[in-house]
Colleague: 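Sharing a structure below in structure tokens format, with a few things to ask.
When a ligand or atom number is given, it counts from 1 through the structure's own listing order.
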Amino acid sequence: MDPRRLSVLAHAHHPIAAPLSDESVRRLLDRAVVRGDERALDLGCGEAEWLLRALERHPRMLAEGVDIDGETLDRVRDEAERRGVADRLALHHMPAAEFTSARSFDLVLNIGASHAYGGLLPTLSAVREHLAPGGLVLVGEAFWEREPDPATRETLAGPCVWADLAGTVDQALADGWVPVYAHTSTLDEWDDYEWSWTGSLARWALDNPDHPASQDALKAAQQHRDQWLRGYRGVLGFVTLLLRRTVGG
Ligand SMILES: C[S@@+](CC[C@H](N)C(=O)[O-])C[C@H]1O[C@@H](n2cnc3c(N)ncnc32)[C@H](O)[C@@H]1O
């Protein structure tokens, strides 16, 4: 099955493509949007659920989203219309690294999409180019809660080099950033995310037994569930850091 189609089905009940509850997303956005008239940029926005929620809550905010997945952005346009925020949301179909803008942004997001730049530090350095003075960055990154077995490391991290939580924060500090807030995803949030992912996909397969992709979808749900329950449950962590530059940085 086409991986993008699979991801759409898997996220049917969890539009944020990361292990964060609605309450955690709301709390992070409350800390990230200070005045209510910020210009926000999401690099690797996916369904742009972070931006849509921020725009709904703050009628003077403007936002831009960038993603390489054009079909997803088409859905975001429809969803933005439906939620009455389309006139304040611009979408760009391109690799995040190619995005340029004449104006800088008060808030830049990159949640679960640092692979677009090849890791946390290249992401932070790219984000910096788009950030207005005194601006905030919301970056969501995986880390190792515990040492993974070699198969789990290979399957999940691929070329990404993840540290533990303290090491992840140290990387940001050494690069001239200060965490002004953060959220570390709980095991409950991971479980909700993964049960939603695997469950939504399996449910679609069971509801559509005659669809040519039904068996593939069921198999993908099972493989993903096995990798999670036998591999990275309690091993892979996720932290969403709200960062500012150090003074003079
Ligand atoms: C795990 S999803 C996260 C989506 C969103 N940030 C969220 O929290 O719901 C990662 C997203 O990054 C996008 N992506 C991957 N590589 C990219 C690149 N080079 N440039 C822009 N977007 C990219 C994918 O298409 C996908 O929508």
Side-chain angles (χ1 to χ4, degrees), residues 2-29 32 40-56 63-77 79-80 83 89-101 105 107-120 122-127 129-130 137-143 155-160 162 182-185 189-190 192-194 196-198 200-201 220 224 227-228 232 236-242:
D2 167 32
R4 283 179 312 183
R5 170 90 178 119
L6 191 140
S7 174
V8 170
L9 295 172
H11 287 103
H13 297 96
H14 199 297
I16 300 280
L20 287 131
S21 68
D22 289 342
E23 168 57 21
S24 300
V25 171
R26 190 194 58 71
R27 201 157 13 90
L28 284 160
L29 284 175
L41 170 67
D42 191 341
L43 297 160
C45 64
E47 304 285 339
E49 194 58 32
W50 289 85
L51 295 182
L52 292 170
R53 290 183 192 188
L55 289 169
E56 283 181 309
E64 301 190 31
V66 182
D67 205 282
I68 44 168
D69 183 348
E71 284 177 28
T72 294
L73 294 182
D74 288 343
R75 274 198 312 283
V76 173
R77 273 186 202 95
E79 186 62 10
R83 287 157 77 163
L89 177 63
L91 296 170
H92 308 276
H93 178 205
M94 61 173 66
E98 289 176 17
F99 174 75
T100 55
S101 171
F105 294 84
L107 173 63
V108 182
L109 300 93
N110 177 284
I111 313 287
S114 68
H115 50 283
Y117 294 98
L120 179 62
T123 297
L124 290 176
S125 120
V127 155
E129 301 298 313
H130 299 295
V137 172
L138 197 57
V139 63
E141 179 69 337
F143 68 90
T155 313
L156 291 187
C160 294
W162 293 324
H183 173 75
T184 311
S185 294
E189 286 176 301
W190 270 106
D192 184 52
Y193 180 56
E194 299 293 355
S196 290
W197 201 106
T198 57
S200 300
L201 192 56
H224 189 111
Q227 275 176 4
W228 164 49
Y232 63 89
L236 189 66
F238 194 84
V239 64
T240 308
L241 296 163
L242 185 63

Colleague: Can you sort out the partners of Arg27 under side chain to side chain contact (heavy atoms under 4.5 Å, CB included), two or more places apart, ordered by chain and number?
Modeller: Glu23, Ser24, Tyr181, His183
Colleague: Find all atoms of ligand 1 within a distance of less than 4.0 Å from any non-hydrogen atom belonging to Ala96, and give their numbers and elements.
Modeller: 18 (C), 20 (N), 21 (C)
Colleague: Keeping Asp67 on the side-chain end and Gly46 on the backbone end, is there a donor-acceptor pair under 3.5 Å?
Modeller: yes
Colleague: Which residue owns the protein heavy atom closest to atom 13 (C) of ligand 1, what's the atom, and how far is it?
Modeller: Asp67 OD2, 3.3 Å
Colleague: Does a salt bridge link Arg75 with Glu79, judged by any charged N lying under 4.0 Å from a carboxylate O?
Modeller: no
Colleague: List ligand 1 atoms under 4.0 Å from Ile111, heavy atoms only on the residue side.
Modeller: 3 (C), 5 (C), 6 (N), 8 (O)
Colleague: Starting from atom 5 (C) of ligand 1, find the nearest protein heavy-atom neighbour and note its residue, name and distance.
Modeller: Cys45 O, 3.3 Å
Colleague: Quick one: which ligand 1 atoms are inside 4.0 Å of a heavy atom on Ala113?
Modeller: 12 (O)
Colleague: Measure from the side-chain N and O atoms of Glu189 to the backbone N and O of Ser21, and report whether any donor-acceptor pair falls under 3.5 Å.
Modeller: yes
Colleague: Among all protein heavy atoms, pick the one closest to atom 19 (N) of ligand 1 and tell me residue, atom and distance.
Modeller: Ala116 CB, 3.6 Å
Colleague: Counting from 1, what ligand 1 atoms have a heavy atom of Gly112 closer than 4.0 Å?
Modeller: 1 (C), 10 (C)
Colleague: Hey, which atoms in ligand 1 end up nearer than 4.0 Å to a heavy atom of Pro95?
Modeller: 20 (N)
Colleague: Between Thr198 and His224, do the side chains contain an N or O donor and an N or O acceptor separated by less than 3.5 Å?
Modeller: no
Colleague: To the nearest 0.1 Å, how far is atom 23 (C) of ligand 1 from its closest protein heavy atom, and which atom is that?
Modeller: Ile68 CG1, 3.4 Å
Colleague: When you measure from the heavy atoms of Glu47 to every atom of ligand 1, does any distance fall below 4.0 Å?
Modeller: no
Colleague: Nearest to atom 15 (C) of ligand 1, what protein heavy atom do you find, and at what distance?
Modeller: His115 NE2, 3.5 Å
Colleague: How far is atom 4 (C) of ligand 1 from the closest protein heavy atom, and which atom is that?
Modeller: Gly44 O, 3.5 Å
Colleague: Hey, is Glu49 touching ligand 1 through its side chain, its backbone, both or neither, going by heavy atoms under 4.0 Å?
Modeller: neither
Colleague: Only counting residues at least two apart or in another chain, list the ones meeting ring-ring contact (aromatic ring centres under 6.0 Å, His included) with Trp190.
Modeller: none
Colleague: Any atoms of ligand 1 less than 4.0 Å from a non-hydrogen atom of Ile16? List them with their elements.
Modeller: 9 (O)
Colleague: Is Ser7 reaching over with its side chain to a backbone N or O of Pro3, donor-acceptor style, under 3.5 angstrom?
Modeller: no
Colleague: Could you tell me how the ring of Phe99 sits relative to the ring of Phe105: parallel (under 30°), tilted (30 to 60°) or perpendicular (over 60°)?
Modeller: tilted
Colleague: One residue to check: Ala48. Relative to ligand 1, which of side chain, backbone, both or neither has a non-hydrogen atom less than 4.0 Å away?
Modeller: neither
Colleague: Tell me: protein heavy atom nearest atom 9 (O) of ligand 1, and distance?
Modeller: Ala17 N, 2.9 Å
Colleague: Below 4.0 Å from any atom of ligand 1, is there a heavy atom belonging to Trp50?
Modeller: yes
Colleague: Any donor and acceptor pair, going by atom type alone, linking the side chain of Ser196 with main-chain N or O of His14 inside 3.5 Å?
Modeller: no
